[in-house]
Protein chains: 2
Amino acid sequence: MDRTENIERIFQDLRRVVHALELYSKDVNARFGLTAPQLWALWELERGGGMTLGTLARALQLHPSTVVGVLDRLVDKDLASREPDPQDRRRIRIRILPKGRALLKRAPHPAQGRLVHGLQAMSESQVTSLRRALATLVRVMEAEDLEARFFFSED
Amino acid sequence: MDRTENIERIFQDLRRVVHALELYSKDVNARFGLTAPQLWALWELERGGGMTLGTLARALQLHPSTVVGVLDRLVDKDLASREPDPQDRRRIRIRILPKGRALLKRAPHPAQGRLVHGLQAMSESQVTSLRRALATLVRVMEAEDLEARFFFSED
DNA sequence: TGATGAATATTGGAACACAAATGATTTGAG
DNA sequence: CTCAAATCATTTGTGTTCCAATATTCATCA
């Protein structure tokens, strides 16, 4: 198999992994009434204690405006709360509520599920080589992203 | 590094790869006026000749209802056309238009771009091991997906 | 002090993605 | 041949994601 073909398949497979993750999110939603991003946000809230929207967004690696919507839905379901921060009134204090904590106990580990099962079915050395290869890939892709942003800002 | 940590990092890295692909889609959009899914669809239309919406959806591995919107935008831009199929009037015939063909010549290879550059910066053996690991992962995840669907349909 | 600038959350707009329901058409079984 | 079932594209509704623009609040420094 030549290099081009390798790349072609990797691309297809990445797409399928993403696709499987999305389908998993739908399954979770059907069983627990909240999607994978919502579940993940809840999990970060449990881990991180009281957070602001900004810190939550950074923890999730999402744009703040995205997290607003996710949080809206968590609050609607009484799984989390939004309170004004008395110290800094630009901020809000986000907290997980008892109902959210209870849900976390019976829900799968956030956003993993099927992926974790997939990885667990692989040999230790395969998992390690996947991790190494992905890490390299991410490093190069993110470096390119910086270059691109620099390039465009120079217009 | 233990297994759990490996899995955790793989998950994070996959997320970052997906994120980089999304940002890449925005870049493409800024430069060529169409997003990565649109570009990819156009590329499939060039490859596949006259297609129906269903075959295009299968080629893109997307839900038909998703492709309706993507195609709408391509037609709006005069890059593709929608015609009724005289043989089977349930179907439509989708074709790439000259303007779409011209755009494909100067646009990057669909949906790849940054990912391809990333992979090209890696050694041959790393690319191969990544491909193998991803293929295994996909196989297991999609097998689980089938099981889940079976499980839910048995309710 | 008082104005300017930075930080924070939010809104609005566009695109993508799915499932479920709909309407039109074709196919197939009796 | 006829009517029920399957197929095909689409619409509707929900959710995720980004960016750009906005309002509010805080911090800095002249």
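Side chains included, hydrogens not; waters and symmetry mates left out as well; all remaining heavy atoms used. Chain naming here is simple, since letters A, B, ... match the order of the sequence lines and numbering starts at 1 in each.
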Completion exercise
Letter by letter from the 5' end, nucleotides 1-11 of chain C scores (B base, S sugar-phosphate only, - none; protein heavy atoms under 4.0 Å) -----BBSSBB
Distance test, side-chain N/O of [X] to OP1/OP2 of [N], below 4.0 Å:
{"X": "A:Q87", "N": "D:dC26", "answer": "no"}
{"X": "A:T66", "N": "D:dC18", "answer": "yes"}
{"X": "A:Q61", "N": "D:dT17", "answer": "no"}

Problem - Listed partners of B:D85 passing side chain to side chain donor-acceptor pair (under 3.5 Å), at least two apart - result: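 In terms of side chain to side chain donor-acceptor pair (under 3.5 Å), with neighbours along the sequence ignored, B:D85 is linked to no residue.
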Problem - Partner residues of B:L97 under the side chain to side chain contact (heavy atoms under 4.5 Å, CB included) criterion, sequence neighbours left out - result: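 For B:L97 the side chain to side chain contact (heavy atoms under 4.5 Å, CB included) partners, ignoring immediate neighbours, are B:S81.
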Practice task
Report the residues that fulfil side chain to side chain contact (heavy atoms under 4.5 Å, CB included) with B:S65, sequence neighbours left out, ordered by chain and then residue number.
Solution key: B:H63
Output the rounded distance in Å from [atom1] ([X]) to [atom2] ([N]).
{"X": "B:D76", "N": "C:dA15", "atom1": "CG", "atom2": "C1'", "result": "13 Å"}
{"X": "B:L39", "N": "C:dC16", "atom1": "CG", "atom2": "P", "result": "11 Å"}
{"X": "A:L62", "N": "D:dC18", "atom1": "CG", "atom2": "C1'", "result": "10 Å"}
{"X": "A:D85", "N": "D:dT25", "atom1": "CG", "atom2": "P", "result": "13 Å"}
{"X": "A:N29", "N": "C:dA17", "atom1": "CG", "atom2": "P", "result": "18 Å"}

Practice task
Answer whether the closest heavy-atom distance between the side chains of B:R91 and B:T55 falls below 4.5 Å.
Solution key: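 No, too far: nothing below the 4.5 Å cut-off.
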Exercise for the section: By nearest nucleotide on DNA chain D, pick out whichever of A:G69 and A:R89 is the more 5' one. Expected result: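 In this pair, the answer is A:G69.
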Handout entry: Qualifying side-chain hydrogen bond (donor to acceptor under 3.5 Å, both in side chains) pairs, either residue in residues 92-101 of chain B, two or more places apart
Key = B:E46-B:R101, B:E83-B:R95
Exercise for the section: Using the test salt bridge (Lys or Arg N to Asp or Glu O under 4.0 Å), find all partners of B:R73 that sit at least two apart in sequence or belong to another chain. Expected result: none
